[in-house]
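What follows is a set of notes on a single structure, which appears directly below.
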Amino acid sequence: MITEIRRAAGDEELAALLELRHRVFCEEQGVPTQEERDGRDGDALHLVAVRDERVVGTCRLLFVDRTVQFSRLAVDPAARREGIATLLLREADREARAAGAQRIVLHAQTYARELYARDGYVPRGRRFVEAGIEHVAMEKRLA
Ligand SMILES: CC(C)(COP(=O)(O)OP(=O)(O)OC[C@H]1O[C@@H](n2cnc3c(N)ncnc32)[C@H](O)[C@@H]1OP(=O)(O)O)[C@@H](O)C(=O)NCCC(=O)NCCS
């Protein structure tokens, strides 16, 4: 099955990726809606994975000076363990490099840290709890 990985296009895709995030983070993981929708979506670059015209994966990039803050990585439960998150990470890497960023930083849920480690991210600092979920900060230098 072909999965397209690219920037989100238009209001319909934005609504679809927000709906996916709500389903994954709020309904599945119990993150409060006001934390999931933190007011920064309007400033972000949103990537999507699209299959059969459906958004099955998404993530968000915020550019702050020469650092990219990567977050809101979510894949539809029916499409997991097929490499979609890995493809989204690769596309984020490409976008970050194209924008001249020097590093990408993120807060990984500790259960999923191997996903990021495989893509070259290294942990930075202690574990902490965010939105009721254990995380660890990770970063990848691009230069
Ligand atoms: C985490 C998540 C984004 C992974 O998406 P995915 O498309 O299934 O990930 P991939 O198929 O690219 O996985 C690549 C590797 O990451 C690791 N990984 C992925 N999901 C994992 C899980 N649930 N538990 C442990 N390791 C996992 C594995 O090493 C995996 O390789 P493998 O399948 O050969 O074992 C997805 O499970 C999800 O949306 N979870 C809920 C939201 C979430 O936790 N987001 C991440 C916030 S940090």
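Each ligand, and each atom within it, is numbered from 1 in the order the structure gives. Position 1 is the first residue of the sequence; numbering continues from there. The basis for the numbers below is simple: all heavy atoms, side chains too, and nothing from hydrogens, waters or symmetry mates.
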Self-check item: Closest approach of Val136 to Gly125 (non-hydrogen atoms, all atoms of both residues)
Solution: CG2-O, 3.9 Å
Self-check item: Between Arg40 and Gln69: side-chain donor-acceptor atoms closer than 3.5 Å
Solution: yes
Quiz item: Hey, which residues fall under 4.0 Å of ligand 1 on heavy atoms?
Solution: Val24, Phe25, Gln29, Leu73, Ala74, Val75, Arg80, Arg81, Glu82, Gly83, Ile84, Ala85, Thr86, His107, Ala108, Gln109, Tyr111, Glu114, Leu115, Tyr116, Arg118
Quiz item: Relative to each other, are the rings of Phe128 and His135 parallel, tilted or perpendicular (30° and 60° limits)?
Solution: parallel
Self-check item: Partner of Arg72 under side chain to side chain contact (heavy atoms under 4.5 Å, CB included), chosen from Leu62, Asp38, Thr58
Solution: Asp38
Quiz item: Can a donor-acceptor pair be found between the side chains of Gln109 and Glu130 at a distance below 3.5 Å?
Solution: no
Practice problem: Take Arg23 and Asp76 through the salt bridge (charged side-chain N to carboxylate O under 4.0 Å, His left out) test and state the conclusion after the steps. | Solution: CA-CA 9 Å; Arg23 220 166 1 105; Asp76 188 304; 3.4 Å; yes
